[in-house]
Structure formats: C-alpha cells, structure tokens
Amino acid sequence: MPPLGPRSVGKIGGKPKNFKKTLRELAFYYRNYKKLFIVAIVLAFIGACAAVAGIIINGYVYSQFIIPSAIIPLTADPITGHINYNLFGLISFIWWCVGLITVYLIANGFNWLESYILLKMSESGSYSLRDAVFTKLNRMPISYFDRIPSGDIMSRSINDVDNIGQALSQNLGNMVYWSFMIVAMLVTMFFINPVLAIFAIVLIPIFMAINITIMKKVKPFFGKQQKSLGVINGFIEEHISGLKIISLFKMKDTSSEEFKKLNQELTRNSIVAQATTNMLMPINIFMNNMSFVVLAAIGAYGMFKGGSDGNGWININWGLIHFDPPSWIDKYPLIPTVEIEMIKKVTLLITFTLFARNLNNPINQLVAALGSIFLALASAERVLEVLNEPNEEDAPDAQDLQEVYGLVEAENLNFEYVKDKPVLKDINFFVKPQQMVALVGPTGAGKTTIVNLITKFYDITSGDLKIDGVSLSKIKRESLRKNITMVLQDTYLFSNSIFENIRYGRLDATKEEVINAAKLARAHNFIMQLPKGYDTVLDDNGNNLSQGQRQLLAIARAFLSNSKIVILDEATSSIDTKTELEIQHGMTDLMKDRTSFVIAHRLSTIKNADLILVINKGEIVERGKHDELLKTNGFYANLYNSQFKKGIEI
C-alpha cells in the first residue's frame, strides 16, 4: 500500500497560490446564478444611491433649519427679542424629515433584499459545490483515498465549502454594496466641492496601501489555518476509529499529547491569522479620525482664510450642489450678508465632512471583509484541488464485459505506487475458470496489491492483466467490478437495516432473494434472533454486531451479487469457533463454481487451493499445490513449518 498518515497532508493546502485562477475556477460552479447576482448588483446600486441621497438631504436640513436656527437668535429683533418660530417652516421641516426617513428606509430595504438574494445565491452555489465535490469523490481513483486521510477530505468537503458560502453570503454582499457607496459618495463629493474631494481621494490610496500591506502578510496564515484544520480532523477521525486499539495498547496519553501538538499548531495559525486581521480595525479607526480631522482642518482653513470675496482659496461655489439658506431668512434685515455666507460655508463643510466620515465606513467594511475573503479563497483552493484531481477514467476503446467465465491471466506484470520503487515485479500466473487461488506470503509481500490490480483500484505500471483474454485496460471499470465480489477482513456495513446492507450487493434483489442469500451465508439464524430481524438498523459500521456476524453479512451480500470472480480475505481472528465454522462454510459455498482469489491465513484453505502463489518482496517465488510445494523444501515449506503447521495465522 502507498504511504499513509499526516505527512501526506502536509503537501496539501499551505500558502494560497493563484487567486485569479481560483476565482475564475470557483465562478464556474456559480455560473447558474448570474441573474441573481445581477439583480443583487442593481439592488445594491439603488440602495447605495438612496444612502447617498440621505446624506445630501441631511445637508439641506442643516442649511434650511439647523444652522439658521443657531444664527437667527443672535440677529433677531433687538427691541422685542422675540422670534416667530412659524417662520422656520415647521411643515417644511417635517416634510424633509419624512423624506429623509423614507430615503433611509429605501436604502436599508434594498440593502436587505440584496443581502437576501446573495444569501440565496451563495447557499445554492454551495449546494452545487458540495454536490460537485461528492460526485467527484465517487469518480476518483482509490489511490487518492489511500494517499489522503479521510479527515482532511471531510474538512475540504464540509468546512471549506462552508467558508466559501459564508464569505459569499455575508461579505460579498457587503463588498458590492459598499463599493457602490464609495463610488457614489466620491462622485457626490466632487459635485459638492471638487477641491475638497481631491484632498479626500488623496487619502484613500494611503489608507488602502496600509491595509493591503497587512493583508499580504496575513494570506499565508489562512492557508496554514485550513491545512491544520484538515490535519486535526483526520487525527480525530483516526483516533475515534482506533479507540479500542489505543486503549488496548495504553496509548491514550501519547495520543493526547500528539493531539495537543496538532491543536496548538491550529490555534497558533488561527491566532496569527485572526489577530493580524483584527489589527486592521483599530488602524482603520485611527486613520478615519485622522482623515476627518485633516479634511475638516483643510476645509475650514480654505473656506474662511483669505480671498477678498470672503470665500477663501476654496470657493464654496465651485461645486454643482449648493446649500443656500432658506428664502425666509431675507425677512431679517439685521442679518448681514456675511452671516448668510457663513451658513453656506458651514453647511457645505458639515455636509462634506459627513460624506468623508461616511466614506471611511465602507472602506472599513471592505477591509473587514478581506479576512473572510482570504479565508474563503484559501478554502476554495483546497476544494478545487479535489475537483481538479484526475478522474478514474476508462480507455476510449474500453468495453463492457459480456458473459464472464472467470479466466484470469497476468503477463509480466509490474507495478509501482511510487515511481522507481517497484512493489510487484514480473508477475505471471494463469488461473482457469472456477479455480481457487491462494495468495500466501509475509506481510507487505504484495498480496493485497495483486487484488487491487485485479479490481482496477490501481492501474498496472507495465505488463498486462487479462479477464477471459481481454486486457483490463480494454474493460470498463464499472463492468469489471460488477463481475467481481470482495469479502475483506475489514467488513464495512452502512447505518441502515440488515436487509438494505445485504441488498447492497444487488439493489434490484427481491426480499426472497435477500433472505436466500443470508441462508446461503449462514447468517439467517442470527438475523432472526435479533428483535427486528432483517429490519434491525445497524450502528455505524455495524458496531452493534460482532465481528463474525458482520463478516457473515458481507458473505451474504457477496452471494446476492452472484459474480463470477470472488476475492476473499479470510482472516478470522477474535471470532468464536462456532461463528468461524459458519464463516468457513459460507466462504466455501461462495467459492463454488467461481474463480476465487483468497488471501490465505488458514491451513485448510491452502490445502484445498487449486493453485498456491507464494509471494515475497513483490515476486512470485513459488507456485503449485500444497503437497508439491512442501516437497521442494523451499520458501513455502519454511513458511508452513514455522507458521501454518503451528496454526499461526499470517
């Protein structure tokens, strides 16, 4: 088998490589939601324009009511000292306030609609992405799952896809909305006063450059954070699956220490990524305050200092939007012209600083979203790595198997898991239909690898392997596996009823056929003793059954598939004698009239084999029947005398 474990995970994830390529590939999986995205953009544009209109209306309210009310009492009739508040136009004031509330309701309403549509788009897109990942996993070669821990695959399929969905639903909407806000506000600021607008724009690149510099430092840590998450998920799954072994060998403390190291690494990477991102907010707040102070100082100095007309070197009339005092103010003859000009200047400066203050808010929002976007992009790269893996493809000229007889032949077969490190070397054998072949040899000799090649879980490196004279490269995998049944030592059962687990061997089987298969496998009796019989629902991997009972169900499933070629791993350690005899009988019946390959652990199986292939270090060192091989007094005889004869399983 290929090398396994956390080392293989280290080659995955890491620093994000190509964001443009990632965005382009990710967009492919959201292509069906273009219309929703366009609608969201339109809504964001309307909402942003309404929000900007609200700020302009604020300026008019200042110019028409608030600032005049502060100046007029100082210049009212000095004799009576009375002010006729009706002149303030109470009805007009209420009208403007209602209009302002309406505009803000429109802005927030459209913003909510845009967020809802983007949420729908992101969740629908995430559904498509999850579906694509799951479909992809079903099409990938078994070698991928031998190479990558299942915990890391689960992390990519669930956590990383969720990160992408959250970034799209929460942060993409903000980025679209606030981007429109920035553009709309800058345009409006130019209409109010182009000189002050230029000063405001000059500050933006400085502001963004600092943020971008920080985020460039953060990017690699988000990739490391996701990689660490995948590693720790794989470790937890491995720990839970192997908890009995860990407990048996008193490795809980060691396992806990290893988990602490992985947890510390994840925590460290997460802290660095999040803490660096969190630095942006106080920096942004400080820069917001500074930009507000700078613009207010420049505006005040430019408007009130110098110039014979009293306008200063920043003329308030240069813009297209003006904030003239109300017409009724002319009824106060005691108000000098300079006071009226003061109203214009103060109103313009207040309105402009309102825009400057509100301009920093969308920039802050964009910066705050960057952390989530970078995390999503790092997650997207990990998901796309899965989606870009090569599929388990058949050759263009591959065909379906027709009637299968079960003749299996290997010619000069060679195989490598890793280049230039051969696992099988020059393997040759010829197995006639309905023969039983025992694969014998020490651990790591290559027995399981031969089985993996017969089922096309791996493709051969060189040489040929044939079924009924047809090269495996010319046979479609689905057709081949439909005609091969496997009963392995590590039986896998689904969290479903016993009936459905047996019927997994052939989904169109009737209830009678399922029961008959269970009887042939000698599993019917113990099934009927269960409270719900065939309707008994199994726990995860059938943990509410004994190991022997699980294997009997696997044999029943194999009977139901009725394939012409059978592959068995007959190890029965930790099984009581009665159940072991039932398994032996079930396997013996299963092999009748079928070509069978048995990874042999039991002397009785080896003695009854039509052909024994003795494998050592990837080579067939001896072949023949039991008695013939004993007479040669070679590798097999030594293996027999040291292990089989003593009843030791190998």
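Only heavy atoms go into these numbers, but all of them, side chains included; no hydrogens, no water, no symmetry mates. Heads up: numbering here begins at 1 and tracks the sequence. Since this is a predicted model, take the numbers as computed values, not measurements.
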Nearest heavy-atom pair of [X] and [Y]: which atoms, and what distance?
X	Y	answer
K34	R31	CG-O, 3.3 Å
S563	K482	OG-O, 3.3 Å
L465	I460	N-CD1, 4.2 Å
Q549	F526	NE2-CD1, 3.4 Å
L439	K447	O-CD, 3.5 Å
I612	V440	CG2-CG2, 3.9 Å

query = Between Y417 and Y458, does the ring centre distance come in under 6.0 Å?
reply =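 They qualify: ring centres under 6.0 Å apart.
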**R506/D508 ion pair, N-O < 4.0 Å** =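 Judged by the 4.0 Å cut-off on N to carboxylate O distance, R506 and D508 do form a salt bridge.
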Checklist entry - Should the pair D394-R477 be classified as a salt bridge under the 4.0 Å nitrogen-to-oxygen rule? => result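 Here D394 pairs with R477 in a salt bridge, since their nearest N and O are under 4.0 Å apart.
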| request: Say whether, by atom type as modelled, one donor and one acceptor occur between the side chain of N496 and the main chain of N501 under 3.5 angstrom. | output: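 No; zero donor-acceptor contacts below 3.5 Å.
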Are any non-hydrogen side-chain atoms of V386 and L137 less than 4.5 angstrom apart?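 They are in side-chain contact.
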message: Once you measure the plane-to-plane angle for Y492 and F494, does it fall in the parallel (<30°), tilted (30-60°) or perpendicular (>60°) bin?
response: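 Y492 and F494: perpendicular rings.
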Describe, in one word, how the ring planes of H626 and Y636 are oriented to each other, choosing from parallel (under 30°), tilted (30 to 60°) and perpendicular (over 60°).
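Perpendicular: the ring planes of H626 and Y636 meet at over 60°.
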